[in-house]
Amino acid sequence: MPLVTTEEMFKKAYDGGYAIGAFNVNNMEIVQGITQAAKKCNAPLILQVSPGARKYASHAYLMKLVEAALIETDLPIALHLDHGADFEVCKSCIDGGFTSVMIDGSHLPYEENIELTKRVADYAHERGVVVEGELGRLSGIEDDVNVSDKDAYYTNPDQVYDFVNRTGVDSLAIAIGTSHGAYKFKPGQEPKLRFDILKEIEDRLPNFPIVLHGASSVIPEFVDEINSFGGNMPHARGIPEDMLREAAKMSVCKINIDSDLRLAMTAAVRKHLAENPSDFDPRQYLKPAREAIEQMVERKIKTVLGCDGKA
Ligand code: G3H
Ligand code: 13P
Ligand code: ZN
């Protein structure tokens with residue numbers, strides 16, 4: 001099956017009360033782990049590539065890895081640019097075979113965000129590619145940018161209709177309590193999602209797909225495992241998985257998860273090397289890493305997204 005856009009996936013997800021997982025890919029083992037889990041669960045899938053991943057692996061390699069995954073799985077898969085910072089990177093991905101791009105103008109003044117997002121949406125739509133925009137800012141780590149907690153703010157429901165209407169975006173990423181990276185809520189802080197804001201947004205944008213970034217829950221057992229095999233990571237929780245599941249039953253149709261996969265993968269590599277200190281064959285330590293990704297994606301499909309059996 002060729003790559004698909006997210007249009008059909010989101011329609012079904014909205015009506016079915018579930019969300020599609022958007023997982024970040026950087027190399028072969030990550031692509032394989034994610035797609036094997038999706039295949040096992042018969043789940044639709046979004047593979048997303050950040051500008052950093054594109055710099056690391058190159059556009060050509062990532063395209064070929066995704067092509068291989070399509071042949072192996074025969075699942076509906078969308079290939080999405082995550083956090084496109086400017087028109088040029090979006091254009092390059094649209095011209096280069098992606099079926100979906102995000103233009104992240106969330107750090108810009110409102111009118112500038114609209115202008116940039118509309119320019120990308122016009123270019124993308126002429127070529128059959130869908131576009132995600134963002135309104136509101138998440139705190140935490142985002143590519144090279146570090147948005148301080150002080151500057152972070154929730155999405156203003158009064159702006160969403162105007163933004164979607166004037167830009168023509170196909171989905172909207174909002175800020176209602178999630179944040180990027182593995183250092184989210186510190187001990188003592190209560191992780192919570194602002195369901196009241198989500199509901200207000202849903203009322204103003206009926207039947208419109210909403211996206212949540214920063215949706216890794218930072219599961220303590222993986223941080224513990226990393227630390228028990230020589231790591232030194234502070235504990236900082238994310239939004240609990242059951243809260244995200246509730247959001248997926250509402251208008252949230254795309255949930256972005258990267259850090260939980262990185263934690264699972266790193267824990268597996270650390271454990272393997274600690275238990276096999278003379279091992280120097282990358283296949284030996286990347287195999288459990290790939291399996292850890294597969295297990296984590298299966299967990300997310302079943303506990304957070306609810307998209308198993310929906311391919
Ligand atoms: O939201 C950002 C994603 O986790 C990608 O991270 O920019 O380190 O590839 P990256
Ligand atoms: P996490 O860091 O919470 O996994 O978020 C990933 C993300 O939003 C990618 O765009
Ligand atoms: Zn993100």
Side-chain angles (χ1 to χ4, degrees), residues 19-50 52-54 56-57 61-80 82 141 180-182 184 212-229 231 233 238 241 244 254-276 279 281-308 310-311:
I20 316 292
F23 301 101
N24 290 71
V25 296
N26 295 279
N27 69 9
M28 184 187 77
E29 283 76 12
I30 297 175
V31 172
Q32 288 178 330
I34 295 168
T35 52
Q36 276 159 17
K39 185 176 180 177
K40 191 170 165 197
C41 299
N42 195 32
L45 183 63
I46 300 169
L47 294 175
Q48 58 185 12
V49 170
S50 71
R54 226 164 149 250
Y56 173 77
Y61 272 94
L62 290 166
M63 288 305 295
K64 291 295 173 193
L65 288 173
V66 172
E67 220 174 272
L70 288 167
I71 294 167
E72 293 280 311
T73 61
D74 202 30
L75 285 174
I77 298 178
L79 179 58
H80 174 76
D82 190 27
I141 305 154
H180 289 105
K184 303 178 193 272
L212 284 188
H213 283 247
S216 285
S217 298
V218 194
I219 304 151
E221 69 188 80
F222 293 90
V223 178
D224 286 342
E225 187 153 78
I226 288 172
N227 289 345
S228 69
F229 292 109
M233 292 191 63
E241 290 176 316
L244 293 164
K254 173 174 179 273
I255 295 190
N256 288 11
I257 301 170
D258 185 10
S259 297
D260 276 344
L261 272 56
R262 295 182 182 195
L263 290 168
M265 188 174 198
T266 303
V269 172
R270 278 197 178 274
K271 182 171 188 286
H272 178 88
L273 291 176
E275 289 171 353
N276 303 274
D279 198 355
D281 181 344
R283 292 169 300 185
Q284 297 306 317
Y285 53 84
L286 291 177
K287 190 164 180 271
R290 182 171 61 189
E291 284 163 5
I293 297 257
E294 184 179 338
Q295 282 164 19
M296 180 59 73
V297 172
E298 187 178 348
R299 170 185 177 138
K300 296 295 178 183
I301 287 172
K302 291 182 173 159
T303 64
V304 172
L305 303 160
C307 63
D308 43 325
K310 309 290 188 187

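In this text the structure is predicted, and so the values were computed from the model without any measurement.
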Between L65 and V25, is there a side-chain heavy-atom distance shorter than 4.5 Å?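 Heavy-atom side-chain distance check fails, nothing below 4.5 Å.
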Could you give the distance from CD (Q48) to CG (L62), rounded to the nearest 0.5 Å?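 One gets 12.5 Å once the value is rounded to the nearest 0.5 Å.
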Fill in: Separation between CG of D308 and CD1 of I301, rounded to the nearest 0.5 Å
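D308 CG to I301 CD1: 7.5 Å, rounded to 0.5 Å.
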Applied to residues 285-295, the salt bridge (Lys or Arg N to Asp or Glu O under 4.0 Å) test, sequence neighbours excluded, yields K287-E291
Contacts of type side chain to side chain donor-acceptor pair (under 3.5 Å), residue N26, not counting sequence neighbours
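N26 satisfies side chain to side chain donor-acceptor pair (under 3.5 Å) with no residue once adjacent residues are dropped.
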Quiz item: After noting the C-alpha distance and the side-chain angles of K271 and E225, does the key distance pass the side chain to side chain contact (heavy atoms under 4.5 Å, CB included) rule?
Solution: CA-CA 8 Å; K271 182 171 188 286; E225 187 153 78; 3.7 Å; yes
Specify the closest pair of heavy atoms between [X] and [Y], including all atoms of both residues, with the distance to one decimal.
X	Y	answer
N227	M233	OD1-N, 2.7 Å
D279	L273	O-CD2, 4.1 Å
I257	A215	CG1-O, 4.1 Å
S217	L244	OG-CD1, 3.7 Å
M296	A264	CE-CB, 4.0 Å
G306	K310	O-CE, 3.9 Å

**OP:** Show your reasoning for whether side chain to side chain contact (heavy atoms under 4.5 Å, CB included) applies to H213 and D82.
**Re:** CA-CA 10 Å; H213 283 247; D82 190 27; 3.4 Å; yes
Quick one, D258 with R262, criterion side chain to side chain contact (heavy atoms under 4.5 Å, CB included). Give me CA distance, side-chain angles, the key distance, then yes/no.
CA-CA 6 Å; D258 185 10; R262 295 182 182 195; 2.9 Å; yes
Side-chain donor/acceptor pairs under 3.5 Å, residues 33-42, sequence neighbours excluded:
{"unit_1": "T35", "atom_1": "OG1", "unit_2": "V31", "atom_2": "O", "d": "2.7"}
{"unit_1": "T35", "atom_1": "OG1", "unit_2": "Q32", "atom_2": "O", "d": "3.4"}
{"unit_1": "K39", "atom_1": "NZ", "unit_2": "E72", "atom_2": "O", "d": "2.9"}
{"unit_1": "K40", "atom_1": "NZ", "unit_2": "E298", "atom_2": "OE1", "d": "2.8"}

Main chain of V49, side chain of N24: is a donor-acceptor contact present, judged purely on distance under 3.5 Å? no
_Any donor-acceptor pair under 3.5 Å from D260 side chain to S216 backbone_ = no
Which word best sums up how the rings of H272 and Y285 line up, parallel for under 30°, tilted for 30 to 60°, or perpendicular for over 60°? tilted
